[in-house]
Amino acid sequence: MKPHSSRSNKTSRFRINFFDPAFVLLLTFISPVNSCTEQERHSLLRFLAGLSQDSGLAASWQNSTDCCTWEGIICGEDGAVTEISLASRGLQGRISLSLRELTSLSRLNLSYNLLSGGLPSELISTSSIVVLDVSFNRLDGELQELNSSSPERPLQVLNISSNLFTGAFPSTTWEKTSSLFAINASNNSFTGYIPSTFCISSSSFVLDLSYNQFSGNIPHGIGKCCSLRMLKVGHNNIIGTLPYDLFSAISLEYLSFANNGLQGTINGALIIKLRNLVFVDLGWNRFSGKIPDSIGQLKKLEELHMCSNNLSGELPSSLGECTNLVTINLRSNKLEGELAKVNFSNLPNLKKIDFGSNNFTGTIPESIYSCSNLTWLRLSSNRLHGQLTKNIGNLKFITFLSLSYNNFTNITNTLHILKSLRNLNVLLIGGNFKNEAMPQDEAINGFENILCLAIEDCALSGKIPNWFSKLRNLQILVLHNNQLNGPIPTWTSSLKFLKYVDISNNNLTGEIPAGLMEMAMLKSDKVADNSDPIAFPLPVYAGACLCFQYHTATALPKMLNLGNNKFTGAIPMEIGELKALVSLNLSFNNLNSEIPQSMNNLKNLMVLDLSYNHLTGAIPPALMNLHFLSKFNVSYNDLEGPVPIGGQFSTFPSSSFAGNPKLCSPMLLHHCNSAEEDLSSSNSTKDPSRFGRRRRFGTTTYGHSCVDGGGGGSAGRRAMARLVFNVAEAPVGFGVGVGVGGWMTGEPMSLTNMSRTRVHFPSGPTIVGLMKEKAHNGTKNMGRIQVVIPFRPHVLNISSNRFTGDFPSTTWEKMRNLVVINASNNSFTGYIPSSFCISSPSFTVLDLSYNRFSGNIPPGIGNCSALKMFKAGYNNISGTLPDELFDAISLEYLSFPNNGLQGRIDGTHLIKLKNLATLDLRWNQLTGKIPDSINQLKQLEELHLCSNMMSGELPGKLGSCTNLKVIDLKHNNFYGDLGKVDFSALHNLRILDLYLNNFTGTIPVSIYSCRNLKALRLSANHLHGELSSGIINLKYLSFLSLANNNFTNITNALQVLKSCRTMTTLLIGRNFRGEIMPQDENIDGFGNLQVLDISGCLLSGNIPQWISRLKNLKMLILSANRPTGPIPGWINSLNLLFFIDMSDNRLTEEIPINLMNMTMLRSEKYVTHVDPRVFEIPVYNGPSLQYRALTAFPTLLNLSYNSFTGEISPIIGQLEVHVLDFSFNNLSGKIPQSICNLTNLQVLHLSNNHLTDAIPPGLSNLHFLSAFNVSNNDLEGPIPTGGQFDTFPDSSFRGNPKICSPIVARRCNSTEEALTSPISTKQYIDKTVFVIAFGVSFGVGVVYDQIVVSRFLQSLRLRLVCPLE
């Protein structure tokens, strides 16, 4: 679910409250002398009798026979009941029809109760009620239309918001309510189209239909509402454009269509008609084009929310003429140009600016600093540059400042300026100041109110500065991906509120200080968390994809990440005192000794990563008592003995323990013997001899190693003849042939001066190499051997080790025969030298990828005339591609992915590289167009430019690169018609990926001439039209994604695509909107299809029979459509289906038994049947979540938001699903006891049904259950205790008034407590086990991947955030 757009406090002007206490009190004082009639008294008592829970109201009403004196009842002068005001009384039951007998009743307020059942239509059609408010109850069913012959009704205000109403919204009813001026039907489940008959004769009108399931277009008749002041229809499924006549509603002050599927441009000539607009929210749609210049004529505009669209172009200078603006939110668009074109000094009321994640250039305009009331400013993820000026000090009230991921310079000046901002709470400036020094100036003494400080990804050198110690309120400190050195300062423990520390990926040394173990916020989860819940006025975005949102500091876990540094010594025993810690990462250091037993005390721990150290001894068996541990990694240490069994350890993969040859377990190659099994509870030590291991990334080996174990036989001589010196398999982190005794000494090695080690090339005919036997060979003698080589070596391979420091520069001048250097996958820092080929004219291959190099690409590399391969991806390289680089005219492979390169690709230089076969510049910040001259690269086979900021149309002559096999241009700003490129000559093309751009037009027919195409992704563009039959020429196509475009005629599309017999993945969601699901029996292809996604299309009809013939189908996603009828009985014939999402439809009847008999949903071993290679290219769920294999998805059954009835079958206990969602249906009966058998269940949602009886106590034994919701049912009795139930919030149980527990309003009496099964009181766990529902892997630098589960918990329903793409 996309995040909600901001809401203004200005909406208060539209709030209508006829039940203000003062107003009610006033009416009480003027109550009449006359008593109510006997008939009205009986009507009220019948209403009371219909309640199942009156919360003491009966006692109040029985004190007098005069109902005018009853609580909540107000009468007129004649004694007739005119008002009932019983809000927030905890009333339960149904609304009695007897209220219609109160013929003088004008105001009825039953809001904020727990009333259920339907809303009697007679209350809307009554001849007396003027104001009807039943909001925030559990009313359900459909609203009935008034009879067309009904007389005029006096209703003025109708508030039915926050209930469970379904079905189509009435349309003709409103023709009989000419006095109506306010309808609030928000937060229900209404479907169908929005009617346009609301305001036929009303003088002023307010309409709120947000948070429903309305579909179709904005009705054209809405423009006739000339008196419409507020129109809120956000968070629905509205599509199409803004209709012209909408702008005829000239009284509009508040317009909100946030989070829909609207598209098109904003018509500047029309929007100026809405001169009364105060609030506009069109965020989270698909609007394109520019912000019109005429926006400056909206003089009353206070809030402008256009975030997360596809807007482009420059900001109109006229924006500065909207002098009443308070909020501007344009985040996540494709806007460009200089901000200085807007004069912000005319906006004195401006408080919030969010321009993050666009393409703005230039410097921060000085006029912004004139906005003296500004409190929030985000300019992150743009291309701004320069230095901050002292005028930012004018922003005295600013609390939130994010400038991260731009090109700002001079961090010292920046901090000296910003320290004067005394109200600053959040400062995010990472991704700037590349390769500068961390300021150590003690004069940096401000920032006393800073709660969150992030200076990550800057490659800053120096030490952690002392001025941090003055930040007494600091809670979050993020310094990862710099080059900081030295120890962690001792003053760290003085920061009493610090709870989130990420200093990973630096060069920090020394032992982990004991002071770090004294951090108050990490020592006890009972310490009051003083995190300001409004500290993040704008959401803080985290992760490389900027897709993780945090609205408050309290949302971040208590974390300590020291990974990827150079810490030595033992892990302090005191670490067991950090009992509040949720995530601990000490990986990739040089820690030794045993894992402290005290870690068993970290009961809240969810993530523990100790991999790639030198830890010895056994894994403490008591760690299996950490019941919330969902990520665990001790790989590549020197651990021994048995892997603990039971608890969470039964869920960890074997990769968590790899590289520890003396560990034994049934899951590892080394099984435990009886003696080892006896050691499971004892500690053991071992010889600290090191064994070879690899780091996270794969290695590239050129040739074979000459150190093959002897060098004596013919095989050895053949290997030596390859002239390769390869230490790529040498033990990680140890020197090679060090003079004090070789690598057995365990000394870390630096290549700063290679002549001090044995890794050099002597003048004689021999070279000292290394022999390393793998542990499972049983060899114990791992010393050095002499290997005779008849020539000087040509190849140096030191990849996949842990070398650090600067890479040698002058060394290479002494090597005249050097051909290949592979130093990839280490931790080298500093600049890339340019002296490789000074003495080696035949130097051919240079691989420096996966290190920490910084600075620019050295121009001197262009002198390497024989260089064929240059790989330096995954470093911190910045700057542009130097002109001299293109003088290396022999280059065949040029790869710089995942750096900070920027600028344009110069076409005049690019054509020099006529031998280029692979060009990989993805994940940088390159701009501009793909040069037309690319057509001269006739040898080009792979072109990777994805995830940059490139724009423009594709060059028409790209089709001249006839050897192309891969074109990957996804996630840029390219636009234009694809038909301008002639793809017909690209006969070798296998992968074409144009995902997430702005391409328009139709799919060019020439693409269908690429007969070898295997993967085609055109999703998330603006393509339209119908599919051509020419696509059947793609005989080898296995992956096709056309999702999130504007294609039409789904019947034709499927008839055409069925001929693609090799297709395994078909993703076509969010197209074909409002069409009918094809039922044609002739759709008989797709025999190899494994993944089918047709979600978000609003298709009507039934689930078609032809799906039953997809016998290889494993994932079926049909959510957010409009099919009706039951789930067909043939569903269980799809024996491989393990992921079923049919949520948000109109399916009816009972949940079929056949669904419970599906083979793959009943087997834990479903993964063994799933092809890990089914995705030719990664599948995206949104711009950042990617899945490379089907095995990354859980077993899932999602039937939520339908109209299923009946009981949940006990057979459900036979399933082995991870995610089960039956919420928002009409299910009844008990929760079956057999559901307690679903021991793998991670998510269970049964909310908003009519379930009765008790919650089965045995559910507390589902130890992986991390999301649970049974709210808004008719459950009763005690909530189970123990296990995961001790972690679920009270919102999981709300709306069940008969439930009792210490966490809900109603406490259990002794009888009810006795009903709790003993097994449910077993205290097994203290907190949630966050097992990631979609298997997203854990990585250093990101908090931990709970993206899917966290979104699930926020939305209380499991749905794919977007269609698969």
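Scope of the values below: all heavy atoms of this structure, side chains included, with no hydrogens, waters or symmetry mates. The chain is numbered in sequence order, starting from 1.
Ser367 has its side chain out of reach of Val342: every pair of non-hydrogen atoms, C-beta onward, lies at least 4.5 Å apart. In this structure the side chain of Leu252 never reaches within 4.5 angstrom of the side chain of Phe247, judged on heavy atoms. The side-chain heavy atoms of Asn349 and Leu325, taken from C-beta on, include no pair separated by under 4.5 Å. Residues Phe181 and Val157 form a side-chain contact, since some pair of their non-hydrogen atoms from C-beta on lies under 4.5 Å apart. At a threshold of 4.5 Å between non-hydrogen side-chain atoms, the residues Thr363 and Gln387 do not count as touching. A 4.5 Å side-chain heavy-atom check between Asn236 and Phe190 finds every atom pair outside the cut-off. Residues Leu379 and Leu339 are in side-chain contact: their nearest non-hydrogen atoms beyond the backbone lie under 4.5 Å apart. Under the 4.5 Å side-chain criterion, counting only non-hydrogen atoms from C-beta, Cys307 is in contact with Trp284.
Put simply, CZ on Phe287 and CG on Leu282 are 5.0 Å apart, with the number rounded to the nearest 0.5 Å. Distance OG/Ser318 to CG/Asn343: 12.0 Å, rounded to 0.5 Å. One finds the CD1 atom of Ile238 at 8.5 Å from the CG atom of Leu209 (value rounded to the nearest 0.5 Å). How far CD of Gln925 is from OG of Ser947: 12.0 Å, rounded to the nearest 0.5 Å.
No donor-acceptor pair closer than 3.5 Å links the side chain of Glu314 to the backbone N or O of Gly337. Although no hydrogens or angles enter the test, the distance criterion places no donor-acceptor pair under 3.5 Å between the side chain of Asn423 and the main chain of Ile398. When atom types are taken as modelled, the side chain of Asn212 and the backbone of Asn188 share a donor-acceptor pair closer than 3.5 angstrom. In this structure, Asn333 contributes its side chain and Asn358 its backbone to no donor-acceptor pair below 3.5 Å. A donor-acceptor pair is defined here as one N or O able to donate and one able to accept, closer than 3.5 Å; no such pair exists between the side chain of Glu253 and the backbone of Val278.
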Run the side-chain contact (heavy atoms from CB on, under 4.5 Å) test on Phe279 and His305 for me, step by step, so that the C-alpha distance in whole Å, both residues' side-chain angles and the decisive distance to 0.1 Å come before the verdict.
CA-CA 8 Å; Phe279 184 104; His305 299 270; 3.9 Å; yes

Mind running side-chain hydrogen bond (donor to acceptor under 3.5 Å, both in side chains) on Asn1044 and Arg286 for me, showing each step along the way?
CA-CA 10 Å; Asn1044 213 348; Arg286 298 168 61 190; 3.3 Å; yes

Does Leu401 form a side-chain contact (heavy atoms from CB on, under 4.5 Å) with Leu395? I'd like the steps, not just the answer.
CA-CA 11 Å; Leu401 179 61; Leu395 306 181; over 6 Å; no

Run the numbers on Leu330 and Leu315 for side-chain contact (heavy atoms from CB on, under 4.5 Å), then give the verdict.
CA-CA 10 Å; Leu330 302 177; Leu315 288 186; 3.5 Å; yes

Go through Phe433 and Thr412 one step at a time and tell me if the side-chain contact (heavy atoms from CB on, under 4.5 Å) criterion holds.
CA-CA 9 Å; Phe433 319 112; Thr412 301; over 6 Å; no

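A donor-acceptor pair shorter than 3.5 Å cannot be found between the side chains of Thr361 and Arg383. No side-chain donor from either of Lys300 and Asn324 sits under 3.5 Å from a side-chain acceptor of the other. Side-chain contact of Tyr405 with Asp457: a donor-acceptor pair under 3.5 Å is present, judged by distance alone.
Summarising the local packing, NZ of Lys419 is surrounded by more than 12 heavy atoms from other residues, nucleotides or ligands at distances under 6.0 Å. Counting non-hydrogen atoms of neighbouring residues, nucleotides and ligands closer than 6.0 angstrom, the NZ atom of Lys390 reaches no more than 12 such neighbours. The environment of Lys334 atom NZ is dense: over 12 non-hydrogen atoms of other residues, nucleotides or ligands sit within 6.0 angstrom.
The ring-ring contact (aromatic ring centres under 6.0 Å, His included) test applied to Phe360 returns Phe355, not counting sequence neighbours. Ser162 meets the side-chain contact (heavy atoms from CB on, under 4.5 Å) test with Phe136, Asn187; sequence neighbours excluded. With sequence neighbours left out, Glu336 forms a side-chain contact (heavy atoms from CB on, under 4.5 Å) with Asn359.
Applying side chain to side chain donor-acceptor pair (under 3.5 Å) to Gln902 and the options Asn948, Thr880, Asn407 leaves one that passes, Asn407.
Note on ring orientation: taking the six-membered ring where Trp is involved, the planes of Phe974 and Phe999 are parallel (angle under 30°, cut-offs 30° and 60°).
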